[in-house]
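Hydrogens, waters and symmetry mates are skipped; everything else that's a heavy atom, side chains included, is used. Model, not experiment: these values are computed from the prediction.
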Amino acid sequence: MHKVWKGMPIQLALGVIVAVLVLAVVAPVLTSRLAGWPQDDAGEPRAPVSRTPAADLVTAYKGESPQQTEARRRMIDRDLAGRDITDEVVLRAMGKIPRHEFVPGDLRGSAYADHPLPIGHDQTISQPYIVALMTQLAGVKEGSRALDIGTGSGYQAAVLGEICKEVSSIEIVEPLAKESTKRLADLGYKNVTVRHGDGYQGWPEKGPFDAIIVAAAPDHVPQPLVDQLAPGGKLVIPVGKLYQELLLIERDKDGKVQQQGGIGVRFVPMTGEAQKRK
């Protein structure tokens with residue numbers, strides 16, 4: 001990190017610092033609106049309701065060290081519940097999952113830090129907060145059928161697997177698809193099915209879905225994914241090139257589709273058919 005700063009012009013460095021400070025102030029407001037905090041008459045987010053203590057939301061995973069359990073508790077307390085993740089179903093799910101099992105061995109010490117990590121093949125595992133936010137926005141619950149696009153190492157699929165009745169997941173990078181299939185099976189996720197393929201067309205044979213979460217950014221919303229939403233279903237997807245925005249798309253009970261814009265995000269681009277379509 002220091003090499004980047006060392007070679008950076010002072011004006012640019014100051015600009016970056018100012019931008020980070022502004023984002024630190026503005027982002028919580030934007031994310032709170034997107035995450036569905038109650039708002040007062042002026043449209044301002046209210047403080048979140050009281051929550052269960054983080055220690056009660058975390059379950060120790062068999063064979064993990066006390067340090068790993070504590071790192072997961074800190075993640076829940078500081079980076080999720082400490083911000084605007086209020087859905088205890090999501091918090092309990094992420095409190096159970098040994099995230100360190102989903103990252104390369106040399107990065108396990110950073111598994112619970114709130115930033116993305118490389119998992120090989122030019123792909124990343126999303127930061128915990130973004131995983132939690134997308135899952136909360138998707139509104140998944142017991143009995144839901146979910147589609148996960150961009151399996152990666154399988155962490156998002158595992159979070160959905162803790163909550164949903166059935167999870168279908170698609171990964172375009174074949175080695176990652178094979179690795180995540182084995183990892184999820186070894187961890188006991190019998191309700192998660194992973195296949196190698198292009199996620200642009202979704203998985204019609206498994207649909208319709210109550211929730212679709214996409215972990216790669218196309219420059220437009222793939223219509224096949226919208227078409228596979230069940231009534232009341234929600235699609236959470238980053239869209240854009242240089243600037244990406246997290247969108248929430250919902251099909252209401254009458255079949256009408258509505259779209260809400262949200263926070264700026266940064267995901268790897270969706271490859272394959274998404275790059276051929278405009």
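- Judged by distance alone, with hydrogens and angles left aside, the side-chain atoms of Ser153 form a donor-acceptor pair with the main-chain N or O of Phe102 at under 3.5 Å.
- Nearest approach of Ser169 to Thr151, heavy atoms of both residues: OG-OG1, 2.6 Å.
- For the atom pair CD1 (Ile212) and CE (Met134), the distance works out to 11.5 Å, reported to the nearest 0.5 Å.
- Closest non-hydrogen pair, Thr69 versus Ala60, comes out as OG1-CB, 3.9 Å.
- The two residues Gly152 and Ser180 have their closest heavy-atom pair at O-CB, 3.6 Å.
- Between the side chain of Arg183 and the main chain of Glu101, a donor-acceptor pair closer than 3.5 Å is present.
- Side-chain contact between Val103 and Arg108 is present, with heavy atoms from C-beta onward closer than 4.5 Å.
- Inter-residue side-chain proximity for Thr135 and Met94 is flagged as unmet; no heavy-atom pair is nearer than 4.5 Å.
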Report task. Take Arg72 and Tyr112, measure what side-chain hydrogen bond (donor to acceptor under 3.5 Å, both in side chains) needs, and give me the verdict at the end. Result -> CA-CA 6 Å; Arg72 191 159 63 255; Tyr112 297 97; 3.0 Å; yes
Query raised in the report: Could you walk me through whether Glu162 and Tyr189 pass the side-chain contact (heavy atoms from CB on, under 4.5 Å) check?
Result: CA-CA 8 Å; Glu162 288 287 346; Tyr189 289 99; 2.7 Å; yes
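- Judged as a side chain to side chain donor-acceptor pair (under 3.5 Å), and not counting sequence neighbours, the contacts of Gln67 are Ser65.
- Annotation: side chain of Ile172 is not in contact with side chain of Tyr200 (no heavy-atom distance under 4.5 Å).
- Although no hydrogens or angles enter the test, the distance criterion places no donor-acceptor pair under 3.5 Å between the side chain of Arg73 and the main chain of Asp56.
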**Report entry** Audit row: Ser126, Gln156, side-chain hydrogen bond (donor to acceptor under 3.5 Å, both in side chains) steps and yes/no
**Finding:** CA-CA 8 Å; Ser126 296; Gln156 176 70 82; over 6 Å; no
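- Note: Arg266 CZ to Tyr243 OH = 11.5 Å, rounded to the nearest 0.5 Å.
- For the pair Ser144 and Leu160, the minimum side-chain heavy-atom distance is 4.5 Å or more.
- Note: Leu235 CG to Gln228 CD = 10.5 Å, rounded to the nearest 0.5 Å.
- The shortest non-hydrogen separation linking Pro218 to Ala274 is CB-CB, 4.1 Å.
- With contacts defined as side-chain heavy-atom distances shorter than 4.5 Å, the pair Ile170/Arg195 qualifies.
- Separating the NZ atom in Lys234 from the CD1 atom in Ile213 is a distance of 11.0 Å, to the nearest 0.5 Å.
- The backbone N or O of Cys164 lies less than 3.5 Å from a partner atom in the side chain of Asn191, making a donor-acceptor pair.
- In this structure, Val214 and Phe267 have side chains that are not in contact, with every pair of non-hydrogen atoms separated by 4.5 Å or more.
- Not one N or O on the side chain of Asp114 forms a donor-acceptor pair closer than 3.5 Å with the backbone of Gln127.
- How far CD1 of Ile163 is from NZ of Lys141: 11.0 Å, rounded to the nearest 0.5 Å.
- Each of Leu57, Thr52, Asp77 was compared with Leu91 under the side chain to side chain contact (heavy atoms under 4.5 Å, CB included) criterion, and only Leu57 meets it.
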Requested in this report: Take Tyr155 and Asp148, measure what side-chain hydrogen bond (donor to acceptor under 3.5 Å, both in side chains) needs, and give me the verdict at the end.
Outcome: CA-CA 10 Å; Tyr155 183 67; Asp148 170 43; over 6 Å; no
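- Ala113 and Pro128 make their closest contact through O-CD, 3.4 Å (heavy atoms, listed as atom of the first residue, atom of the second, distance).
- Screening Leu247, Val239, Val226 for a side chain to side chain contact (heavy atoms under 4.5 Å, CB included) with Gln259, the sole residue that qualifies is Leu247.
- The minimum heavy-atom distance linking Pro118 with Leu107 is given by the pair O-CD1, 3.6 Å.
- No donor-acceptor pair under 3.5 Å is formed between the side chain of Asp254 and the backbone N or O of Lys256.
- Looking at heavy atoms from C-beta onward, Pro222 lies in side-chain contact with Ile237 at the 4.5 angstrom threshold.
- The number of heavy-atom neighbours closer than 6.0 Å to CG of Asp186, taken from other residues, nucleotides and ligands shown, is above 12.
- Transitive grouping of hydrophobic side chains (ILVMFWY, heavy atoms separated by less than 4.5 Å) keeps Val265 and Val268 in distinct clusters.
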Query raised in the report: Between Leu133 and Leu246, does a side-chain contact (heavy atoms from CB on, under 4.5 Å) hold up when you go through it step by step?
Result: CA-CA 10 Å; Leu133 176 62; Leu246 192 63; 4.1 Å; yes
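- With hydrogens and angles disregarded, no donor-acceptor distance shorter than 3.5 Å links the side chain of Gln201 to the backbone of Pro224.
- Separating the CG atom in Leu80 from the CG atom in Asp87 is a distance of 11.5 Å, to the nearest 0.5 Å.
- Formation of a donor-acceptor pair under 3.5 Å by the Glu171 side chain with backbone atoms of Val173 is found in this model.
- With respect to Glu273 and Lys276, no salt bridge is recorded, no charged nitrogen being found less than 4.0 Å from a carboxylate O.
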